[in-house]
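Below is one structure; the comments refer to it alone.
Just so it is clear: chains get the letters A, B, ... in the order the sequence lines come, proteins before strands, and each one is counted from 1.
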Amino acid sequence: MSIDVETLVGWFDVNARDLPWRHADRTPWGVLVSEIMLQQTPVARVLPVWQAWLDRWPKPSALASETPGEVVRAWGKLGYPRRALRLHAAATAIACEHGDEVPCDVDTLLGLPGIGAYTARAVAAFAFGRRVPVVDTNVRRVVARAVHGAGDAGPPSTKRDLDDASALLPDGPDEARAARFSAALMELGALVCTARTPRCADCPIAATCAWQKAGRPAYTGPAKPVQRYGGTDRHVRGLLLDVLRGTTGPVEKARLDLAWPKAGQRDACLASLLADGLVEQTADGRFALPGEH
DNA sequence: TATACGTGGTA
DNA sequence: TTACCAAGTAT
């Protein structure tokens, strides 16, 4: 079972969300920033931060000229702040080694920090209109249902997932058409073929959907690991970093000690933040965001 | 391949 | 309230 290109792209023409990184005046840099911010973070939370970043740093070299700490601060509460560090490093590499222009080919993009299999292809497709398969969680779910008739995607398998998506892409000389199809596939997963409560009544490809034909069987694969947050190291790291985001200069350790009562876990998390380069220690023993002392 | 990595909205 | 979920990457 395949997915009809005309039908899906036609649906996308009418139903695509009006997102700024899709506007005609978008830049590859803007697309790259959006893709990094959207990794595991919902669109609604990315929107205002993306806008502020593009106003403030319209080119990679502009971001590269900031301290990493200032970039981490501007990342705010988007989550996974190592992304901010890596985006700063990617901007530096683009400014210094690629003439301040975002690379357009997948292999070069893959060489940049924070850019993996999904983001490299997303940038190639959405910023440059290249015909490359783009596989994210939405695409995996839509393919699992519409093509394979399963209730949901199983564990990721890079090669198989890529081959599945590649087989769906329209052929022909119009590469931008293939890129638009990929965007439509993702949008369908985000708006209609959702994880929890799919809106099959509104689905443009329900008539050919293998999952529909099979009677919408429940997902039978392995259970997905549940992520806890309260009390975890991720939680504590977030609390510590939040203290530093809220101040301009270095702070005393006593200040950080207020953020979490368990000393052992707190110190281990501070050490891991140091190791990640998200925090630095000053000569006098205080702590600050990187480059801010 | 499995696990660590933030944060907040929704059911 | 707990649990799931959100355009992944690095190790």
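Grouping Ile, Leu, Val, Met, Phe, Trp and Tyr by side-chain contacts under 4.5 Å, direct or through others, puts A:Leu274 with A:Val72, A:Leu85, A:Val236, A:Leu239, A:Leu240, A:Leu241, A:Val243, A:Leu244, A:Val251, A:Leu256, A:Trp260, A:Leu270, A:Leu273, A:Leu278, A:Val279, A:Phe287, A:Leu289. The hydrophobic cluster containing A:Val135 also includes A:Leu162, under a criterion of side-chain heavy atoms closer than 4.5 Å among ILVMFWY residues, counted directly or through chains of members.
Using a 3.5 Å distance cut-off with no hydrogens or angles, the side chains of A:Gln40 and A:Arg83 do not pair a donor with an acceptor. For the 3.5 Å distance criterion, the side chains of A:Arg121 and A:Ser182 fail to qualify, holding no donor opposite an acceptor. Using a 3.5 Å distance cut-off with no hydrogens or angles, the side chains of A:Tyr118 and A:Gln39 do not pair a donor with an acceptor.
Taken residue by residue, residues 127-149 of chain A places no heavy atom nearer than 4.0 Å to DNA chain B. Residues from residues 11-41 of chain A placing a heavy atom under 4.0 Å of any atom in DNA chain B, listed by number, are A:Gln40, A:Thr41. Near DNA chain B, meaning a heavy atom under 4.0 Å from it, residues 229-264 of chain A has A:Tyr229, A:Asp233, A:Arg234, A:Arg237, A:Gly238, A:Arg245 in order of number.
Of all nucleotides in DNA chain C, those with any atom nearer than 4.0 Å to a heavy atom of chain A start and finish, going 5' to 3', at C:dA3 to C:dA10.
Using a 4.0 Å heavy-atom distance criterion, A:Ala122 is classed as making no nucleic acid contact. As judged by a 4.0 angstrom heavy-atom cut-off over every strand, A:Pro156 is placed among residues making no nucleic acid contact. Among the protein residues, A:Arg196 comes within range of the nucleic acid bases, having at least one heavy atom under 4.0 Å from a base atom. When heavy atoms are screened at a 4.0 angstrom cut-off, A:Pro81 is found touching the sugar-phosphate backbone but no base atom.
Rounded to an integer number of Å, the gap from A:Leu78 CG to B:dG6 P is 13 Å. Rounded to an integer number of Å, the gap from A:Arg82 CZ to B:dG6 C1' is 10 Å.
Both A:Phe12 and A:Leu169 belong to a common hydrophobic cluster when Ile, Leu, Val, Met, Phe, Trp and Tyr are linked at side-chain heavy-atom distances under 4.5 angstrom. Cluster annotation: A:Val139 is connected to A:Phe181 through the hydrophobic network of ILVMFWY side chains, with a link wherever side-chain heavy atoms come within less than 4.5 Å.
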